Amino acid sequence: LLGPLSRSTGSSAPLPASGGVGAMGVVSTGHDGAAKPSSFKSLDIELLDAAPVDRKVERDSPRSRRAGRRRFLCAVVLGASAAAAYIFVMSQWKGIAVHNMLGIDARAHSYAGLTMENLTRSIHWPGCGLEPWADNCTLPCYSKEVPLQVADFTGRFPGKLVSYPSRPHPDIDTVELRGWYLPARADRVPEGRRAPRVVLQHGFRENSNNWRIVLLSYMLRQCGIDVLANNFRDHCYSDRSSAHMYEWGNAYPYDLLGAWDFARSDPRGEMGGPVDGAHVGVGGFSKGGFTALSVMGVEPRMAAAWVDGSPFLPGPAWQHLTTKFLRKRRVPAWLTRWLVGRTWLDIDRAALDRGTNLSRHTPSSSLPLGPDTRRPLYIIDNRGDATCPMSFHEELMDVLRVIPEKYTVQEGGPWLSGVQCHGNPHCTLHL
């Protein structure tokens with residue numbers, strides 16, 4: 001080190017033996033040969049001789065130990081608070097999700113005092129709500145004459161409420177169901193023949209008194225077809241089950257099969273007598289369509305099925321709607337995916353704990369079981385449907401394409417639309 005420093009200023013003078021760098025610094029000679037102290041003396045060279053600090057002693061001091069304990073306690077408190085917040089939020093979210101998917105809303109299914117004579121005027125219609133109806137609230141979707149004609153027809157030909165049991169199954173409660181029997185226009189039925197019959201099934205959180213069922217019943221009756229508008233168990237006029245929850249593919253197929261059995265056999269002669277099963281079909285909206293597709297495969301005598309806006313599986317249906325709900329509230333995509341995926345497992349487990357398998361019967365598992373008779377299957381969907389998107393339609397068609405010998409499928413063309421009714425594209429095409 002000293003060699004290069006001294007060469008830069010001239011020849012170096014010998015260092016005093018009694019001194020050293022720490023005591024005297026560097027001595028050099030200038031151009032006149034006189035010795036003089038170097039300017040390096042101003043550097044803090046004394047640090048070279050300083051004793052090293054004992055960090056271990058510092059860490060073991062009482063003050064250091066107290067600071068460490070405080071940091072540890074803060075970390076424990078923060079971790080415990082985060083864990084408690086996570087458990088609380090997840091338990092609340094799980095409770096809301098389970099209730100929305102499984103919990104029966106009694107208020108939504110209470111229709112005391114309604115009859116077919118006053119039903120049409122007592123339910124909500126898209127754009128208008130309750131009567132009075134006017135073109136300024138019905139158009140451009142439909143004319144005010146539509147509900148007026150339905151009200152007039154059902155008032156003159158009201159039908160009646162009938163009861164029947166669900167189809168028995170060893171693992172499912174047999175429940176007394178009730179629905180509207182609505183006869184066809186007599187002048188539209190060929191003389192000497194009985195009218196064909198269709199059992200209509202309502203969707204999620206709806207019942208036989210919903211405008212969709214009321215309107216389609218009117219249309220079918222005008223075509224000379226008898227209608228039985230069925231109510232799932234725990235809905236509207238039907239009895240309460242022991243599970244008392246939305247059951248999807250568990251018990252609901254046996255409710256629709258019980259209604260189909262009644263429409264076919266007419267054990268008390270309330271519908272004019274029995275008819276062959278080849279003249280009794282089923283139809284459904286949304287979850288009712290899901291159920292209709294599920295029973296089509298397990299009941300080989302069923303004539304045909306007509307469905308509008310049907311989900312394909314209960315899990316993806318719930319996940320799709322919940323994802324849409326969270327995105328509207330700007331929940332981050334990664335958190336949405338995690339919440340939705342994890343919570344469906346909680347819902348499925350909660351249902352199983354109550355003896356309900358939501359996916360016991362689904363279109364994908366039931367349709368391949370049908371006979372090779374190419375029975376008619378009519379599938380209506382809406383390209384703009386945000387409730388049951390086109391991906392559900394494509395999944396259903398993927399199943400049906402590999403079993404062409406079982407069903408004659410009508411889809412696409414007029415069966416696949418993009419129209420909306422007052423901003424709602426879900427199950428509104430017939431209106």
Side-chain angles (χ1 to χ4, degrees), residues 97 100-102 200-206 212 216 232 246-250 252-253 256 282-298 304-328 336-337 340-341 343-345 347-348 351 357-370 376-404 406-407 409-421 423-430:
N100 285 342
M101 185 65 177
L102 305 180
L200 291 183
Q201 189 59 68
H202 61 78
F204 187 53
R205 296 183 182 274
E206 294 180 353
R212 292 182 173 92
L216 186 56
F232 285 135
Y246 293 121
E247 298 204 31
W248 285 84
N250 190 66
Y252 291 162
L256 184 51
V282 294
F285 294 101
S286 197
K287 188 174 71 174
F290 165 90
T291 310
L293 292 172
S294 299
V295 302
M296 186 72 169
V298 300
W306 178 99
V307 300
D308 185 356
S310 167
F312 188 65
L313 291 168
W318 181 87
Q319 291 170 330
H320 169 75
L321 291 176
T322 306
T323 299
K324 185 175 73 170
F325 172 83
L326 294 174
R327 283 178 178 171
K328 282 185 178 179
T336 295
R337 287 192 299 270
V340 169
T343 310
W344 172 249
L345 298 177
I347 294 171
D348 203 30
N357 180 0
L358 300 176
S359 301
R360 179 189 293 269
H361 295 290
T362 65
S364 61
S365 64
S366 298
L367 285 172
L369 303 177
L377 190 57
Y378 300 88
I379 301 172
I380 296 177
D381 276 297
N382 194 312
R383 295 184 185 90
D385 196 339
T387 302
C388 290
M390 283 300 297
S391 60
F392 294 174
H393 174 89
E394 292 302 325
E395 288 177 305
L396 174 60
M397 294 310 302
D398 287 343
V399 171
L400 293 171
R401 287 186 187 106
V402 299
I403 49 174
K406 297 183 181 297
Y407 306 99
V409 180
Q410 297 289 338
E411 62 93 25
W415 306 98
L416 191 60
S417 175
V419 300
Q420 297 190 12
C421 185
N424 182 11
H426 185 57
C427 299
T428 57
L429 183 58
H430 65 304

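Note that the structure is a prediction, hence the values are computed from the model and not measured.
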S365 side chain to H361 backbone, donor-acceptor under 3.5 Å:
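Such a contact is absent between S365 side chain and H361 backbone.
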Separation between [atom1] of [X] and [atom2] of [Y], rounded to the nearest 0.5 Å:
| X | Y | atom1 | atom2 | result |
| --- | --- | --- | --- | --- |
| K406 | L369 | NZ | CG | 8.0 Å |
| K328 | T323 | NZ | OG1 | 12.5 Å |
| T387 | H320 | OG1 | NE2 | 6.5 Å |
| T336 | L326 | OG1 | CG | 4.5 Å |
| D398 | H393 | CG | NE2 | 9.5 Å |
| Q201 | Y252 | CD | OH | 9.0 Å |

Would you call the rings of F204 and W248 parallel, tilted or perpendicular, where under 30° means parallel and over 60° means perpendicular?
tilted
Please verify the inter-ring angle class for W306 with F285; under 30° counts as parallel, over 60° as perpendicular, anything in between as tilted.
perpendicular
Measure the shortest side-chain to side-chain distance between [X] and [Y] over non-hydrogen atoms and say whether it is less than 4.5 angstrom.
| X | Y | answer |
| --- | --- | --- |
| S364 | F312 | yes |
| L293 | L396 | yes |
| L102 | I347 | yes |
| L358 | W344 | yes |
| H202 | F232 | yes |
| P314 | M101 | yes |
| M390 | L416 | yes |

I need the minimum non-hydrogen distance between [X] and [Y], along with the two atoms involved.
| X | Y | result |
| --- | --- | --- |
| Y407 | L367 | OH-O, 2.7 Å |
| V295 | P253 | CG1-O, 3.5 Å |
| C388 | S310 | SG-C, 4.2 Å |
| G203 | S286 | CA-CB, 4.4 Å |
| G289 | V307 | O-CG1, 3.5 Å |
| P368 | V399 | CG-CG1, 4.3 Å |

Considering the options D385, D308, D381, which one meets the side chain to side chain donor-acceptor pair (under 3.5 Å) requirement together with H426?
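For H426, the side chain to side chain donor-acceptor pair (under 3.5 Å) test succeeds with only one of D385, D308, D381, which is D385.
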How far apart are the C-alpha atoms of R212 and H430, what are their side-chain angles, what is the distance that settles it, and do they pass the side-chain contact (heavy atoms from CB on, under 4.5 Å) test?
CA-CA 8 Å; R212 292 182 173 92; H430 65 304; 4.2 Å; yes
How far apart are the C-alpha atoms of V409 and M397, what are their side-chain angles, what is the distance that settles it, and do they pass the side-chain contact (heavy atoms from CB on, under 4.5 Å) test?
CA-CA 9 Å; V409 180; M397 294 310 302; 3.9 Å; yes
Between the side chains of T362 and S359, does any donor sit under 3.5 Å from an acceptor?
no
